[in-house]
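Note sheet for the following structure.
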Number of protein chains: 2
Amino acid sequence: MPSADQTHMAVLGALSIMPMTGYAVREQIRSTLGSFWSESFGQIYPALAQLEKQGLIERLPSQTSRSAPFAPTAAGLARLRELLAEEPQPSRPRNGTLLRLFFGRQLGAEACRALLEQTRTQAEAQLQSLLVAREELAADALLRDDAPYIELTISAGEHSARAAIAWAEESLAALDALPATPTTATPTTATTTTRSTS
Amino acid sequence: MPSADQTHMAVLGALSIMPMTGYAVREQIRSTLGSFWSESFGQIYPALAQLEKQGLIERLPSQTSRSAPFAPTAAGLARLRELLAEEPQPSRPRNGTLLRLFFGRQLGAEACRALLEQTRTQAEAQLQSLLVAREELAADALLRDDAPYIELTISAGEHSARAAIAWAEESLAALDALPATPTTATPTTATTTTRSTS
DNA sequence: CGCTACATGTAAGGTGTTACATGATTCC
DNA sequence: GGAATCATGTAACACCTTACATGTAGCG
């Protein structure tokens, strides 16, 4: 899947749930899919233009004075199913927090503790916002048919957040148990303990 | 952090644990950091060249006939600590599995089930390889000082994998409970239930 | 002696983000 | 009338990956 297709999949998917303007698609992707997907501005509009030219989406006649929303055509829905059926391709992971902890000896135990506390705080906030998301999902009658599937992704976020909290707490305890912190980064100045320059 | 710095951080970090050739750095990043970080071939060599020019790393005289390994200089270690101390910048998430489940109504319950089973299988494999990694870590005397920090990242992987397994199993059960699968994607041909073309 | 793994690099091409540019509509 | 938000795009640039190019060392 040539990866522009990934954007097409996300955009078609969003429109399959509810007709929207490009602007709204971006907002939805940011707010609703935000924790596991991202598309930037500069990708969404070109994607919409392409999809419209291919007859996969069309503008609905707008009732209000607001801009006309896009909706997938029958061919568009078929294309969406085709894209969804392809194997998900693994994305390149880049977790800055774990990288820093891996090199924690250089970073120092104190800074590691701060990273862990930050992780825990963020996961707790995430948990809260997922609770809200679940309530909104239950309240929205328009989403009735999609809700069971959306629910799975909310649940994934919760499991992941709870795991992060448990891990952070365990790790903080483990750091406390570290004897005499044999840190390379001493509180004073950068005195190197290991090999030095030639 | 201009993001080329991210590569510098990973490379300096790897060399801080043990002097290595560029080739080995790549291998280490792929195998050891692979589950939470990635650097491609085309980034590592230019990064090494730059770091050497800046005097942050140097080639150690090689004992064997093998190629000479790089090691960080004192300035290099200082630079590493500086980089590590910066805020981790959030990476753009792209979880293809969750995106597909979100649009599960279009994909169909059966295919969703397959995705969940795949997720569970992968997480179980991940768990196994983390067990191996932990044993190797414990066995390697050279890593003694870094081990407590590396251990945190192994633990993170385990928490995450166990959460994925629990989530997948719960979700499979939830899908089984779904009444009469009101799928849009019918087993026969693509009969659209919703709006169609103009 | 040939295959595999080690080792180093570059350049083309694709991807993705950001900043800029522009204008309509709505609300206060 | 002015600010905020809705709405649509583009173009420059940063970023990364991939494929190519090249050569050495060790092993069977």
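Throughout, protein chains are lettered first and strands after them, A, B, ... in sequence-line order, and every chain is numbered starting at 1. Atoms considered below: every heavy atom in the structure, side chains included; atoms not considered: hydrogens, waters and symmetry mates.
Under 4.0 Å is where a charged nitrogen must lie from a carboxylate oxygen, and between B:Glu158 and B:Arg134 at least one such pair does. Under 4.0 Å is where a charged nitrogen must lie from a carboxylate oxygen, and between B:Glu39 and A:Arg94 at least one such pair does.
Side-chain N/O atoms of B:Gln43 include none lying less than 4.0 angstrom from OP1 or OP2 on D:dC15.
Within the helix from C:dC1-D:dG28 to C:dC28-D:dG1, the inter-axis angle between the opening and closing five-pair segments is 30°, rounded to 10°.
Within 4.0 Å of B:Thr21, counting heavy atoms only, lie sugar-phosphate atoms of the nucleic acid but no base atom. As judged by a 4.0 angstrom heavy-atom cut-off over every strand, A:Gly22 is placed among residues touching the sugar-phosphate backbone only.
Between D:dT17, D:dA7, C:dT17, one nucleotide has an atom nearer to the side chain of A:Tyr23 than all others, and that is D:dA7. In this structure, the nucleotide among D:dA7, C:dT18, D:dT17 sitting nearest to the side chain of B:Ser38 is D:dT17. Each of C:dT8, D:dT8, C:dT10 was ranked by its minimum atom distance to the side chain of B:Ser67; first place goes to C:dT8.
No donor-acceptor distance shorter than 3.5 angstrom exists from the side chain of B:Arg144 to the backbone of B:Ala138, with no hydrogens or angles considered. The closest donor-acceptor contact from the side chain of A:Asn95 to the backbone of A:Leu98 lies under 3.5 Å.
For B:Leu116 against B:Ala168, the heavy-atom pair with the smallest separation is O-CB, 3.7 Å.
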For this session: Test side chain to side chain donor-acceptor pair (under 3.5 Å) on B:Glu87 and A:Gln118 and set out the steps.
Result: CA-CA 11 Å; B:Glu87 278 294 290; A:Gln118 194 185 14; 3.2 Å; yes
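Remark: C1' of D:dC16 and CH2 of B:Trp37 are 13 Å apart, rounded to the nearest angstrom. Remark: P of C:dA11 and OH of B:Tyr45 are 17 Å apart, rounded to the nearest angstrom. Rounded to whole angstrom, the span from the CD atom of A:Gln50 across to the C1' atom of C:dT15 amounts to 13 Å. Rounded to an integer number of Å, the gap from B:Glu27 CD to C:dC6 C1' is 10 Å.
A heavy atom lying under 4.0 Å from DNA chain C marks the following residues of residues 89-96 of chain B, by number: B:Arg92, B:Arg94.
Between B:Arg59 and A:Thr7, the residue anchored closer to the 5' end of DNA chain C is B:Arg59, taking for each the nucleotide with the nearest heavy atom.
In summary, the side chains of A:Gln28 and A:Thr32 do present a donor paired with an acceptor at a separation below 3.5 Å, with no hydrogens or angles considered.
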Polar atom pairs (N or O), protein with nucleotides 20-27 of chain C, under 3.5 Å:
| from | atom 1 | to | atom 2 | distance (Å) |
| --- | --- | --- | --- | --- |
| C:dT26 | OP1 | A:Ser65 | OG | 2.6 |

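Hydrophobic clustering (ILVMFWY, side-chain heavy atoms < 4.5 Å, transitive): B:Leu131 and B:Leu152 are in distinct clusters.
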